[in-house]
Amino acid sequence: MELVTYEDYLEFIRKHRKVIIEDVEIELGKEREIESYSPPSDYKLETTTIWSFPDRGEWATHRGDYRGNWSPFIPRNLILRFTKPGEWVLDQMMGSGTTLVECKLLGRNAIGVDINRNSVMVARDRLDFSYNPLDKRYVEPEILTYVGDARNLDKVRDESIDLIATHPPYASIVSYTKARVEGDLSALNLEDYIGEMKVVAEECFRVLKPGKYCAILIGDTRKHGHYVPIAFKVMQKFLEVGFVLKEDIIKQQWRTKITREKWRGWGKQGFYLIAHEHLFIFRKPMDGEKLLKYSSRWW
Ligand SMILES: C[S@@+](CC[C@H](N)C(=O)[O-])C[C@H]1O[C@@H](n2cnc3c(N)ncnc32)[C@H](O)[C@@H]1O
């Protein structure tokens, strides 16, 4: 893992005013006016296992222009539900840094990692705003960003993280590989991808404090007319390394552009448009914890 500081970002934008991530041009270092630092006033924490955000959320510096980025409502819900101010959150496949922006707004320390240096620069760019809330309890958090591989978080100490909130590529459904970044998980075929996600799961288990939570958002696909349950395959790997399943949240997908273009719902091909993803929330058991019957490890 290689640390990328704010100064590294400033140095980068002196030479590059934009990056291209999978055909999408993203401008860096642009002056911007922030209209709001928080979600709409009617925002409430989710209380059921079905989450749906038709309006993805564009407060602070959040934008939907990074291919496959997640709605800021997702990390916000996770952070508020599972951490306290000053605790440490990890997103080791952070893309444009949505999770980190939420950490900055909510006063949580954070570590963000991505295999693609350009993505780390986008995340740094999104973090480049000043924030002085009226809340006297707010303490500006420490936010560290790295170019690195989720399979080897060598700069993250064992049992140092309070929450993992991350959103891996779904095998090669959305490819991040046009830039040919060595180690990109979206370049792998399905079998290899599932195998490497087990290594990701092992690293998650190592860095998380016992009793704490690891949330991953993951979707499925179709191949040759079959439904391919990538999410359940990945879930199995997380269980194999020692996690127990706390929640399986169904997240409705509103922007299924690629899928829609290919299949247009129940049409000629005769199958449904996949319009959901799974947000699995795993818990790392306490040392010596006796797992109860019906915990996912028992099955
Ligand atoms: C679905 S995107 C994450 C989007 C992010 N949640 C956001 O809101 O912008 C997945 C990210 O995983 C990164 N990635 C792929 N393989 C990786 C690896 N081995 N280690 C770390 N990051 C990786 C890709 O570069 C991509 O940015």
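Each ligand, and each atom within it, is numbered from 1 in the order the structure gives. Please read these numbers as outputs of a predicted model, since none were measured by experiment.
Residue contacts with ligand 1: Asn116 is placed with no nitrogen or oxygen under 3.5 Å of a nitrogen or oxygen of the ligand (distance criterion only). Among the atoms of Asp149, some N or O lies under 3.5 angstrom from an N or O of ligand 1. Below 3.5 Å of separation, one finds an N or O of Tyr66 facing an N or O of ligand 1. Ligand 1 has an N or O atom lying under 3.5 Å from an N or O atom of Gly183, backbone or side chain. At a 3.5 angstrom cut-off on N or O pairs, Pro169 does not count as close to ligand 1. Residue Ala150 places at least one N or O, backbone or side chain, under 3.5 Å from an N or O of ligand 1. For Ile115, a nitrogen or oxygen atom sits less than 3.5 Å from a nitrogen or oxygen atom of ligand 1, counting backbone and side chain alike. Here's the thing with Asp114: one of its N/O atoms is less than 3.5 angstrom from an N/O atom of ligand 1.
Compare Met1, Glu196, Met94 by their heavy atoms: the one nearest to atom 5 (C) of ligand 1 is in Met94.
Using a cutoff of 4.0 Å between basic side-chain nitrogens and carboxylate oxygens, Lys198 and Asp192 are not scored as salt-bridged. Between Asp135 and Arg137 a salt bridge is recorded (basic side-chain N to carboxylate O distance below 4.0 Å).
Of all the atoms in ligand 1, the ones that sit under 4.0 Å from a non-hydrogen atom of Asp184 are 15 (C), 16 (N). Within ligand 1, counting atoms from 1 as listed, the ones closer than 4.0 Å to a heavy atom of Leu185 are 15 (C), 16 (N), 19 (N). Atoms of ligand 1 found under 4.0 Å from any heavy atom of Thr98, numbered from 1 in the order shown, are 7 (C), 8 (O), 9 (O). Listed by number with element, the atoms of ligand 1 under 4.0 Å from a non-hydrogen atom of Asn69 are 4 (C), 7 (C), 8 (O), 9 (O).
Contact annotation: Gly68 has at least one heavy atom less than 4.0 Å from an atom of ligand 1. Not a single heavy atom of Pro75 lies less than 4.0 angstrom from ligand 1.
Counting heavy atoms closer than 4.0 Å to ligand 1, residue Trp70 contributes atoms from both its backbone and its side chain. By the criterion of a heavy-atom distance under 4.0 Å, the backbone of Gln92, and not its side chain, is placed next to ligand 1. Residue contacts with ligand 1 for Arg67 are absent, since no atom lies close enough (heavy atoms, distance under 4.0 Å).
Looking only at side-chain heavy atoms (C-beta outward), Leu163 and Leu90 stay at 4.5 Å or farther from each other. Counting heavy atoms from C-beta outward, Arg117 and Met121 have side chains that approach closer than 4.5 Å. By the 4.5 Å heavy-atom criterion applied to side chains, His278 and Leu217 are not counted as neighbours.
A donor-acceptor pair shorter than 3.5 Å cannot be found between the side chains of Trp51 and Glu277. At a cut-off of 3.5 Å, with distance as the only test, a side-chain donor of Asn69 or Arg56 sits close to an acceptor on the other residue.
Screening Lys212, Lys284, Lys209 against Glu159 for a salt bridge (Lys or Arg N to Asp or Glu O under 4.0 Å) leaves a single residue, Lys284.
Judged by a 6.0 Å distance limit and a 45° cone about the ring axis, Lys155 is not positioned over the six-membered ring of Tyr146. Taking the centre and axis of the six-membered ring of Phe129, the NZ or CZ atom of Lys104 falls inside the cone set by 45° and 6.0 Å.
Contact between Val89 and Thr99 at its shortest, heavy atoms only, is CG1-CG2, 4.1 Å.
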